[in-house]
Amino acid sequence: MTGRAEDGGAAGRRRRRGLVGEALFMENARKGSIVSRANSIGSTSASSVPNTDDEDSDCAQESPKETYKDQRRRAHTQAEQKRRDAIKKGYNDLQAIVPTCEQQDFSISSQKLSKAIVLQKTIDYIQFLHKEKKKQEEEVSTLRKDVMALKIMKVNYEQIVKAHQNNPNEGKNQISDEVKFNVFQGIMDSLFQSFNASVSVTSFQELSACVFSWIEEHCKPQTLRDVVIGVLHKVKSQLY
């Protein structure tokens, strides 16, 4: 009895194992059929949909070229706009600086000045400034000469005052008119000699051209001072 019971239990266990194995096999078969069906559907859908990978790659290759061209075009446009703005600002500055650009004629007062007119007025104003500068330089040179002459006269007067202070009795002796005339004659003779040697009087034009150069050369304060001192020494030697 015990042996039969054990055989029956073993048989039951084998049946249960068989049933479990059959159930696992059926489950795996079912899953495999589902996976194969999904793969077939995916392949069918993939084959039915047109392949756009090549087009995407083409667009990806073409888009950078178009973007680079657009960037170059935009950069060129910006550079051109900056150049035009700089030129416009330059002309506006010229109109603000040059006085003649502000003083427009009544005939064109309602119109905007063209660039050519602005440039021409600027050129005229620069030439005017050059002439004014040259004129001022000449005036400064003349004033310097006058200052130099005044300094020489100051030194001479200081020497005269000093000599008079050292010899107060010397001024009591009166100088005759003859001595004065001799001094004047000596100065004029010296000047006439240089005038006659330097100035041509064949025509008024030559006289006008030469007389100013003679004055600048032989009538300088230092030159006249030397002439007067020489004449005074000569007259003094004649008197004493």
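- With rounding to the nearest 0.5 Å, the separation of CG in Asp189 from CG in Asn182 is 10.0 Å.
- Taken together through direct or relayed side-chain contacts under 4.5 Å among Ile, Leu, Val, Met, Phe, Trp and Tyr, Val235 and Met188 form part of one hydrophobic cluster.
- Remark: Glu139 pairs with no residue by the side chain to side chain donor-acceptor pair (under 3.5 Å) rule, at least two apart or across chains.
- The side-chain heavy atoms of Cys101 and Leu94, taken from C-beta on, include no pair separated by under 4.5 Å.
- When the side-chain contact (heavy atoms from CB on, under 4.5 Å) test is applied to Ser190, the partners found at least two apart in sequence or on another chain are Val227.
- Every side chain to side chain donor-acceptor pair (under 3.5 Å) that Lys89 has, sequence neighbours left out, goes to Asp93.
- Hydrophobic clustering (side-chain heavy atoms under 4.5 Å, transitive across Ile, Leu, Val, Met, Phe, Trp, Tyr) groups Phe212 together with Leu191.
- Rounded to the nearest 0.5 angstrom, Gln78 CD and Lys82 NZ are separated by 6.5 Å.
- Among residues two or more places apart in sequence or in another chain, the side-chain contact (heavy atoms from CB on, under 4.5 Å) test is passed with Phe128 by Tyr125, Glu132.
- Residues meeting the side chain to side chain donor-acceptor pair (under 3.5 Å) test with Gln81, sequence neighbours left out: Asp85.
- Legend: ring pair (Phe, Tyr, Trp, His ring centres under 6.0 Å) pairs involving residues 176-198, not counting sequence neighbours, sorted by first then second residue: Phe195-Trp214.
- Taking CZ from Arg72 and OG1 from Thr67, the interatomic distance works out to 14.0 Å, rounded to the nearest 0.5 Å.
- For the atom pair Gln95 CD and Ile117 CD1, the distance stands at 10.0 Å (nearest 0.5 Å).
- Under the rule for a side chain to side chain donor-acceptor pair (under 3.5 Å), the partners of Arg84 that lie at least two apart in sequence or sit in another chain are Glu80.
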Donor-acceptor pairs under 3.5 angstrom involving side-chain atoms of residues 215-226: please list them, not counting sequence neighbours.
residue	atom	partner	partner atom	Å
His218	NE2	Ser198	OG	3.4
Gln222	NE2	Asp226	OD1	3.4
Arg225	NE	Asn156	OD1	2.9

Residues 141-153, side-chain donor-acceptor partners within the protein, below 3.5 Å, at least two apart:
residue	atom	partner	partner atom	Å
Thr142	OG1	Glu138	O	3.0

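- When the side chains of ILVMFWY residues are joined at heavy-atom separations under 4.5 Å, either directly or via intervening members, Ile126 and Val118 end up in two distinct hydrophobic clusters.
- The side-chain contact (heavy atoms from CB on, under 4.5 Å) check on Gln127 picks up Ile123, Asp124, with sequence neighbours excluded.
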Please report the C-alpha distance between Ile87 and Lys115 in whole Å, then the side-chain angles of each, then the deciding distance to 0.1 Å, and finally whether the side-chain contact (heavy atoms from CB on, under 4.5 Å) criterion is met.
CA-CA 10 Å; Ile87 293 174; Lys115 295 180 179 179; 4.2 Å; yes
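- Sequence neighbours left out, the pairs with a member in residues 152-166 that pass salt bridge (charged side-chain N to carboxylate O under 4.0 Å, His left out) are Lys154-Glu158.
- Take Val155 and apply the side-chain contact (heavy atoms from CB on, under 4.5 Å) test, not counting sequence neighbours, and it matches Gln159.
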I would like to know whether Tyr91 and Leu119 meet side-chain contact (heavy atoms from CB on, under 4.5 Å); could you show each step before the answer?
CA-CA 8 Å; Tyr91 279 103; Leu119 291 178; 3.6 Å; yes
